[in-house]
Colleague: 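Mind looking over this structure? Questions follow.
What's counted below: heavy atoms across the whole structure, side chains too, no hydrogens, waters or symmetry copies.
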Amino acid sequence: MVCGGFACSKNALAALNILYILVAFILIGVAAYGRASAVVTSLTLVGSIIACGVFLFLIAIIGFIGALRHHQVLLFFYMIILFLLFLIQFSLACACLAMNDAQKDSLAIRGWKLAGNKTRYDVQYVFNCCGLQEVNAPVLLNTGHPVCSGIPCCENNSECCTGKSSNLTCPCQPCLPKLKDRIHQAFTVTGAIGLFFSFTEIIGVWLALRYRNQKDPRANPSAFL
């Protein structure tokens with residue numbers, strides 16, 4: 001098999017799309033971990049990386065079928081969509097890496113405000129903390145936190161960290177300092193992996209273009225498929 005020939009291009013494109021399937025699972029897994037460890041639901045950049053991973057998986061299936069069948073229409077749409085996916089994924093990965101600490105903290109605060117009290121309570125229980133930035137913040141839907149009774153640091157005190165004037169002290173720490181390292185790491189890892197694998201998509205576009213314009217030696221020599 002001559003490198004660069006029809007069979008070589010076919011096998012290379014098929015193998016690349018199998019790699020894309022694995023990459024899609026990696027992107028989904030890493031970004032989902034970042035989303036879960038950040039414990040906020042409004043990290044739109046991380047969520048967009050997950051969407052790119054799902055979309056890459058679907059495109060890889062199309063590319064794999066197109067490579068096996070040398071299907072002109074599938075390969076054409078595969079190239080176009082894969083290139084658009086590269087642009088989106090590259091932009092999102094750069095955005096994740098370019099964000100400074102203050103911007104990441106701002107997203108975490110926004111996510112806390114949008115999260116329900118059940119989610120906030122789960123965060124407080126898992127990380128043994130109370131409130132996001134102030135443990136004595138009032139118990140409001142959008143700015144405060146649920147009652148911290150039942151959290152290990154409160155020792156089952158029903159009046160612990162409720163924001164009442166009679167309870168101005170609390171043994172618990174706020175959650176943001178404990179979440180900060182995980183949130184920052186989630187953005188860095190997700191952005192780095194997304195950026196690295198986005199460049200492999202350019203290889204897929206080039207390989208599909210070359211393979212699409214090659215003749216199948218098993219077909220009619222006078223036909224251009």
Colleague: What pair of heavy atoms forms the shortest contact from A93 to G191, and how long is it?
Modeller: CB-O, 3.3 Å

Colleague: So, Q124 side chain and C129 main chain: donor-acceptor pair closer than 3.5 Å or not?
Modeller: no

Colleague: With no hydrogens and no angle check, is any side-chain donor or acceptor of H70 less than 3.5 Å from a backbone partner on Y211?
Modeller: yes

Colleague: How far does CD1 of I88 sit from OG of S198, to the nearest 0.5 angstrom?
Modeller: 12.0 Å

Colleague: Any link between L22 and I202 through a network of hydrophobic side chains (Ile, Leu, Val, Met, Phe, Trp, Tyr) touching at under 4.5 Å?
Modeller: no

Colleague: Using atom types as modelled and distance alone, determine if a side-chain donor or acceptor of R212 lies under 3.5 Å from a backbone N or O of L75.
Modeller: no

Colleague: Enter the distance from T200:OG1 to L207:CG here, rounded to the nearest 0.5 Å.
Modeller: 11.5 Å

Colleague: Kindly compute the distance separating SG (C175) from CG (N128), expressed to the nearest 0.5 Å.
Modeller: 9.0 Å

Colleague: Spell out, as yes or no, whether a donor-acceptor pair under 3.5 Å connects the side chain of K178 to the backbone of Q173.
Modeller: no

Colleague: What's the verdict on side chain to side chain contact (heavy atoms under 4.5 Å, CB included) for I81 and F55, showing C-alpha distance, side-chain angles and the deciding distance?
Modeller: CA-CA 10 Å; I81 298 175; F55 203 57; 3.4 Å; yes

Colleague: Hey, are the side chains of I21 and F64 touching, using non-hydrogen atoms and a 4.5 Å cut-off?
Modeller: no

Colleague: Walk me through whether I62 and F77 qualify under side chain to side chain contact (heavy atoms under 4.5 Å, CB included).
Modeller: CA-CA 9 Å; I62 294 176; F77 284 105; 5.9 Å; no

Colleague: Looking at CG of L74 and CD1 of I59, how far apart are the two atoms once the value is rounded to the nearest 0.5 Å?
Modeller: 10.5 Å

Colleague: Could you pull out the closest heavy-atom pair between L13 and G204, with the gap in Å?
Modeller: CD1-O, 4.2 Å

Colleague: Minimum heavy-atom separation for V205 and F83, please, with both atom names.
Modeller: CG2-N, 3.9 Å

Colleague: Taking the side chain as every heavy atom from C-beta outward, state whether T188 and K104 have any atom pair closer than 4.5 Å.
Modeller: yes

Colleague: Quick one: side chain to side chain contact (heavy atoms under 4.5 Å, CB included) partners of N100, sequence neighbours excluded?
Modeller: A102, Q103

Colleague: Using a 4.5 Å cut-off on heavy atoms from C-beta on, say whether the side chain of K180 contacts that of D105.
Modeller: yes

Colleague: Test: side-chain hydrogen bond (donor to acceptor under 3.5 Å, both in side chains). Region: residues 17-26. Which pairs qualify, not counting sequence neighbours?
Modeller: N17-Y78

Colleague: What are the two closest heavy atoms between L82 and E201, and how far apart are they?
Modeller: CD2-O, 3.4 Å

Colleague: May I ask you to decide if A67's main-chain N or O and K10's side chain share a donor-acceptor pair within less than 3.5 Å?
Modeller: no

Colleague: Distance from S91 atom OG to F86 atom CZ, nearest 0.5 Å?
Modeller: 8.5 Å

Colleague: Using a 3.5 Å distance criterion without hydrogens, assess whether the side chain of Q89 forms a donor-acceptor pair with backbone atoms of L195.
Modeller: no

